[in-house]
Protein chains: 2
Amino acid sequence: MDRQKIKEAGLKLTPQRLAILDYLRDNLEHPSAEDIYKAILERFPTMSFATVYNTLETLREKGAIQELTIDPQKKRFDPNPRPHHHLICNRCKKILDIHIDYQLHVPEEKKNGFEIVGNHIEFYGICPGCRLKMSGMQS
Amino acid sequence: MDRQKIKEAGLKLTPQRLAILDYLRDNLEHPSAEDIYKAILERFPTMSFATVYNTLETLREKGAIQELTIDPQKKRFDPNPRPHHHLICNRCKKILDIHIDYQLHVPEEKKNGFEIVGNHIEFYGICPGCRLKMSGMQS
DNA sequence: TATTAATTGATAAATATTATCATATTGAAA
DNA sequence: TTTCAATATGATAATATTTATCAATTAATA
């Protein structure tokens, strides 16, 4: 439940935060701050853009959501804070979750002295929709 | 050789392009457009910021360099266009190459109809320098 | 060398994000 | 409950990054 997520993070429960988490929950689109703002504005006309950014940053900081750097144009947000990987369409930039637990071992001599704490895999490809569109035209 | 790289890409050989590729070659820092601009400006005072962006985008488009989306603040560029992975320091955001050939199999039922053509792994950790700094302080 | 098509550089514009701060709201204490 | 301090919001300004525009310049070739 969203209320719990906010409480657990030690944050105050505000309608704005609930609206953002409500929109994010079950959202598979990995929306940008603007996407979120626009979507919520319809039901919540007083929502400010700044609040969207504030809230997203706060939630990320508290580990309640994930910020994705996949899109070179803008940040995108993932309601699932647990480690998982992503499947990205090279054409339309659609992003899907992909849950596979790979055991990626890095030999000591390749660690460059780093202490490795996690990883994230981006799989690139072409989504079904774009493949259809492409088959209808020449390259 | 840089000249070849440019020729092969079907591009005109300009001093600006040479300067950028020269700076990028053997550079392990994965610099941003601004880093590149500033560094080159010292030896090449007429270089324009727009040209840096133009050139980087053109080179990327032709497959001569890689654009990294690892840094949420800005794009960073990698002189090595061949697939490889990256090791990122969570603290100072230093980025190092990591060359390991993992065979990442994605079962058909997890592909969501995508045709997968590649992948990129980001390993997160703390670099030796930051570990040292951290050991000297409380969290 | 002359030609032309590509490239550069100056600058403006667009986009995305962060900062500022007065006002409003939440949650806890009285 | 009401009160109050800390936190959050919303309006807006500021900053940062990237892209677009376009006249002037330059590279490649004929």
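Letters A, B, ... mirror the listed sequences (proteins, then strands); counts begin at 1.
Summarising the geometry, the separation between CG on A:Asp35 and C1' on C:dT17 is reported as 15 Å, rounded to the nearest angstrom. Remark: P of D:dT7 and CD of A:Glu57 are 17 Å apart, rounded to the nearest angstrom. The interatomic distance linking B:Arg3 (CZ) with D:dA27 (C1') rounds to 12 Å, in whole Å. Going from atom NZ of A:Lys74 over to atom P of D:dT19 covers 12 Å, rounded to whole Å. When rounded to the nearest whole Å, the span between CG of A:Asn54 and C1' of D:dA6 equals 16 Å. One can place CG of A:Leu41 at 15 Å from P of D:dT9, the figure rounded to the nearest angstrom. One atom, OH of A:Tyr37, and another, C1' of C:dT17, lie 15 Å apart when rounded to the nearest Å. When rounded to the nearest whole Å, the span between CD1 of B:Ile6 and C1' of D:dT26 equals 14 Å.
Judged by distance alone with a 3.5 Å cut-off, a donor-acceptor contact links the side chain of A:Lys12 to the base of D:dA6.
Side-chain proximity of A:Ala50 to the nucleotides C:dT8, D:dT9, C:dA19 is greatest for C:dA19. Taking every side-chain heavy atom of B:Leu13 into account, D:dA28 is the closest of D:dA28, C:dG9, D:dG10.
Along DNA chain C, the nucleotide closest to B:Met47 and the one closest to A:Ser32 are compared, and the more 5′ of them pairs with B:Met47. When each of A:Leu11 and A:Phe49 is assigned the nucleotide of DNA chain D with its nearest heavy atom, A:Leu11 is the one assigned upstream, toward the 5' end.
When the side-chain nitrogen and oxygen atoms of B:Thr46 are compared with OP1 and OP2 of C:dG9, one or more of them lie within a distance under 4.0 Å. Checking the phosphate oxygens (OP1, OP2) of C:dG9, a side-chain nitrogen or oxygen of B:Thr51 falls inside 4.0 Å. Put simply, B:Gln16 has no side-chain N or O that comes within less than 4.0 Å of OP1 or OP2 on D:dT26. A sub-4.0 Å separation between OP1 or OP2 of C:dT8 and a side-chain N or O of B:Thr14 is present. One finds a side-chain N or O of A:Tyr53 lying less than 4.0 angstrom from the OP1 or OP2 phosphate oxygen of C:dT17. Under 4.0 angstrom from either OP1 or OP2 of C:dT18 there lies at least one side-chain N or O belonging to A:Lys75.
Between the side chains of B:His30 and B:Asp71, no donor-acceptor pair is found at a separation under 3.5 Å. Looking only at atom types and distance, the side chain of B:Ser32 has a donor-acceptor partner in the side chain of B:Asp35 under 3.5 Å away. If you check the side chains of B:His86 and B:Asp97, you find a donor sitting under 3.5 Å from an acceptor.
Under the 4.5 Å side-chain criterion, counting only non-hydrogen atoms from C-beta, A:Gln73 is not in contact with A:Lys93.
If you take CG on A:Leu87 and CD1 on A:Ile121, they are separated by 11.5 Å, rounding to the nearest 0.5 Å.
Residue contacts shown for A:Pro45 are absent, as no nucleic acid heavy atom lies under 4.0 Å away. Within 4.0 Å (heavy atoms only), B:Gln73 reaches sugar-phosphate atoms of the nucleic acid but no base atom. At a threshold of 4.0 angstrom between heavy atoms, the contacts of A:Pro15 are confined to the sugar-phosphate backbone, with no base atom among them.
A donor-acceptor pair under 3.5 Å links the side-chain atoms of A:Lys110 to the main chain of B:His99, judged by distance alone.
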